[in-house]
Amino acid sequence: MKLEQPIVLPIKKIVNEVSKIKTFIFDHKLDSKPGQFINLWIPGFDEKPFSISYQDDKRFAVTVACIGPFTDKICGLKEGDLVGIRGPYGNPFNLKGKNIVLVGGGCGCGPLAFLADEALKNKINVNFVIGARTKDALLFLERMKKSNIKTFVTTDDGSFGVKGFATDLLKDFLEKNHIAAVYSCGPEKMMKKVAEMCKDKKIYCELSLERYMKCGFGICGQCCMDDSGFRVCTDGPIIKGEEALNMKEFGNYRRDASGKKVKL
Amino acid sequence: MLTTKLCGIRLENPAILASGILGVTASSLINAANNGAGAVTTKSISLEERKGHNNPVIVTFEAGMINAVGLSSPGIENGIEEVKEFKRRSKTPIIASIFASKTLDFGEAAKRISESKPDLIEVNISCPNVEAEFGKPFAADAKVAASVAEIVKNNTKTPVFVKLSPNVSNIKEIAKAVEEAGADGITAVNTAGPGMVIDIKAAKPILHNKMGGVSGNALRPIAVRCVYDIYETVKIPIIGTGGIMNGRDAIEMLMAGATAVGMGSAVYYRGIDVFKKVCSEIEEFMKENGYSNLKEITGRAHK
Ligand SMILES: Cc1cc2nc3c(=O)[nH]c(=O)nc-3n(C[C@H](O)[C@H](O)[C@H](O)COP(=O)(O)OP(=O)(O)OC[C@H]3O[C@@H](n4cnc5c(N)ncnc54)[C@H](O)[C@@H]3O)c2cc1C
Ligand SMILES: Cc1cc2nc3c(=O)[nH]c(=O)nc-3n(C[C@H](O)[C@H](O)[C@H](O)COP(=O)(O)O)c2cc1C
Ligand code: FES
C-alpha cells in the first residue's frame, strides 16, 4: 500500500561544504535514483523538497544551501537531531551514451554529483562543469577529484577556474568532443541556455526543474507548469531539454505558495 | 451512455475533478480534462491572496488522507485569469469554487468570478481546517448556510452549487435551507473531521496545522449516507463527492442520489487518468446490468 508518512531519522553527520552550504548524511538505505528528491520535515516547523546528493547501500545525503527561513533552520541543526523524510519522489535522470557533460550551478551540483557516481559505475566518461559566483561558493571539488571525475570550473568573477559562465565552457565541449548527452541543474536561466545550445547541436539533454511544492506526490497542483500542466513533483523534476523549451513558463516565471505568478 | 446534465450544462461524463486537487492553474485543470474528467473544479478562490498553511499539508493513512492546505489562493484577479485561460483552451465545463471569511465577501467573490464566465459556481462553506481563522464553517448552521447561498445568488446569474460539510448532525435541514435560499445544486461532501495523524517517533502531529480534513476511503460511507439523505430532501441536483476510487464507488454514489460524482483523493491512488478509468468501469457495469443511461441509476437505491 502506498503511504505518504515520514520516516523519522537522526542526522548522522553534517559536513560543512562551503559557506552557507552543508551536507546532511543519514544512516538509511533509501533506494533512490539520481535526480529524485525527498521532502525533509522538521517536526512542528515546515517541510520542503531537497535532491539526494549522495547514496550508497547504507547511507544517503542531501546538500542544503541556506537561503531562507527553512534552510536556515536546517543549517542550525546538530548531529543526532531528528528530522523526517518522505520519498524518494519524482522521476530520475536517464543516462545515455558513453561520454556526457554535467552542468551544475550552485547547489544544483547535488543531484549531478550523485548522477556522476552512477555514471562512473556504468563506465561512462563524465565531464563535470561547475559554475559559481565566486570561489567560496564552489561545491564538491574535492569529492569529484577523489572519484576521478574530470571537473571544469567557471566563476563569474574569475576568482577560480575560467572567468565566465558554465555555459561558456559547455560551448567548447559541444563543438569539440563527441558528447552523447548533457545533464543540468541550477538556475533556470542557465538551464534554458543549456537546453537551447543542446537543441542547436541536436544533443540529448535533461534538466532538473524547481517549482514551489506542497504535497510532493502529485495531488495538490501547486507545482504544475504552463502550458502542459506537467507536475514537476511526479512527472519531473527531470525533464528533457526540448520539452522544457516548449513550456511557456520555463525560464520566464514560476508560482509562489499562493499560486500567484512570479517573474523569474 | 455516460453523458449527464447539471442545471442545463452538458457533461460528457459524470466524473468531476473535485476542488483543491490539481486545481491551482488552468494548465493543470486542462490536464485533468484531457485525462477524461467530465468537468473540472478550481481550487477554492478567495478575494484576497493567501499562502495557506506551512508544510506538511497532506499525509495519507491506511484508509485515506488528511489535508490542511489551509485554503491557499492567488486572489480573485489571478483566479479570474486562470478561469478565462481555461475557457480559451478547453471546452470541458469548469466549476469555479469560491470561499470567503465573511458572508458579504461571498457575494463579492461570486460577482467577481462571474466575470470569467465559469459554467457553474461552487460555494465552499465547509472547509474544516481553517477554524482558527474563520470560526466554525458556515456549513454548520442552516440559517448561516442559507444566507450565504442567498447572497451568492443575488450576485450572479451563473448556476450556484453549495458545498456542504458532513460534520453536522442534520444535513437534511441544511440542504433544505440552502435549496430554499435559491441554490441550484448541492455538492456533498467536503472532508470530514478534522482528524489527526501523529508521528510517534517525532512525538508530533505530522500536519503543520496539526489537524486536517479526512478524505478518501474512510470518508465514502459517510458521504454516501449524506447524499442519500439530501436526495430525500431536495429536488436540486447533487454532485456526490467523497472516497470515490472506481466505477463501483461512483455507481454507489449515483444510486444514493447523485447526478454526477466528484473525485479528489483518487488522483493520488490511481493517477491523473483515474477519470478515464472510472468512466470505463461505469460503462462496463452499465452494459453488464442493462442500464442505458445514468438517469436510470441516479437515486435507484431509494426505489
Ligand atoms: C525538486 C527540488 C529539489 C531541490 N533540491 C534542493 C537541494 O538539493 N538543495 C537545496 O539547498 N535546495 C533544494 N531545493 C530548493 C529548496 O527546496 C528551497 O530552497 C527551500 O524550500 C527554500 O526554503 P526557505 O524557507 O529556506 O527559503 P524561502 O525564502 O522560503 O524561499 C527561497 C526560494 O525557495 C523556493 N521555495 C520555498 N519553499 C519551497 C517549496 N516548498 N518548494 C519548492 N521551492 C520552495 C522559493 O520559491 C524561493 O525561490 C529543491 C527544490 C526542489 C523543488
Ligand atoms: C488536498 C486537498 C485539497 C482540498 N481543497 C479543497 C478546496 O480548496 N475547496 C473545497 O471545496 N474542497 C477541497 N477539498 C475537498 C475535496 O474537494 C473533496 O470534497 C474531498 O476530498 C472528498 O473527496 P475525495 O475523497 O474524492 O478526495 C480538498 C481535498 C484535498 C484532499
Ligand atoms: S507538489 Fe503537489 S502536485 Fe506537485
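Per chain, numbering begins at 1; letters A, B, ... match sequence-line order. Basis for what follows: all heavy atoms, side chains included, without hydrogens, waters or symmetry-related copies.
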Of the backbone (N, CA, C, O) and the side chain (C-beta and beyond), which part of A:Asn39 lies under 4.5 Å from a heavy atom of chain B, both, or neither?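 Neither part, no heavy atoms under 4.5 Å.
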Examine distances only and state if a side-chain atom of [X] and a backbone atom of [Y] form a donor-acceptor pair shorter than 3.5 Å.
X	Y	result
B:Asn54	A:Phe45	yes
B:Lys201	A:Val8	yes
B:Asn55	A:Asp46	no

Would you say [X] has more than 12 foreign heavy atoms packed within less than 6.0 Å of its [atom1]?
X	atom1	value
A:Lys12	NZ	no
A:Arg133	CZ	no
A:Lys22	NZ	yes
A:Lys261	NZ	yes
A:Lys248	NZ	yes
A:Lys48	NZ	yes
A:Lys96	NZ	yes

[X] side chain near [Y] side chain, heavy-atom distance below 4.5 Å:
X	Y	value
A:Asp256	B:Glu49	yes
A:Pro6	B:Ile206	yes
A:Gln5	B:Asp199	no

Go through the atoms of [X] and report whether side chain, backbone, both or neither lie under 4.5 Å from a heavy atom of chain A.
X	value
B:Val59	both
B:Glu82	side chain
B:Ile30	neither
B:Glu85	side chain

Neighbourhood of chain B inside residues 227-242 of chain A, taking heavy atoms under 4.5 Å as contact: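 A:Asp227, A:Ser228, A:Gly229, A:Arg231 fall under the 4.5 Å cut-off.
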Quick test of your reading: applying disulfide bond (SG atoms under 2.5 Å apart), list the pairs with at least one residue in residues 12-81 of chain A, sequence neighbours left out, ordered by first then second residue.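 Listed once each, the pairs are A:Cys66-A:Cys75.
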I'd like to know if the side chain of A:Lys214 pairs up with that of B:Ser72 as donor and acceptor (distance under 3.5 Å, no hydrogens or angles considered).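 A:Lys214 vs B:Ser72: donor-acceptor pair found between side chains.
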Candidates B:Leu22, B:Asn67, B:Ile272, B:Ile58 - the one meeting side-chain contact (heavy atoms from CB on, under 4.5 Å) with A:Ile219: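 Exactly one candidate clears the test, B:Ile58.
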Which distance, rounded to the nearest 0.5 Å, do you find between the SG of A:Cys224 and the CG of B:Asn31?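 Those atoms lie 7.0 Å apart.
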At what distance, to the nearest 0.5 angstrom, does NZ of B:Lys51 lie from OH of A:Tyr212?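 So the gap between those two atoms works out to 7.5 Å.
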Minimum-distance pair of heavy atoms, taken over all atoms of A:Lys260 and B:Pro74: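 That would be N-CB, 3.9 Å.
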Between B:Lys43, B:Arg89, B:Met65, which residue shows the highest count of heavy-atom pairs closer than 4.5 Å to chain A?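 Of the options given, most contacts go to B:Arg89.
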Is there a side-chain contact (heavy atoms from CB on, under 4.5 Å) between B:Thr25 and A:Arg255 once you walk through the steps? CA-CA 10 Å; B:Thr25 72; A:Arg255 282 181 168 83; 3.2 Å; yes
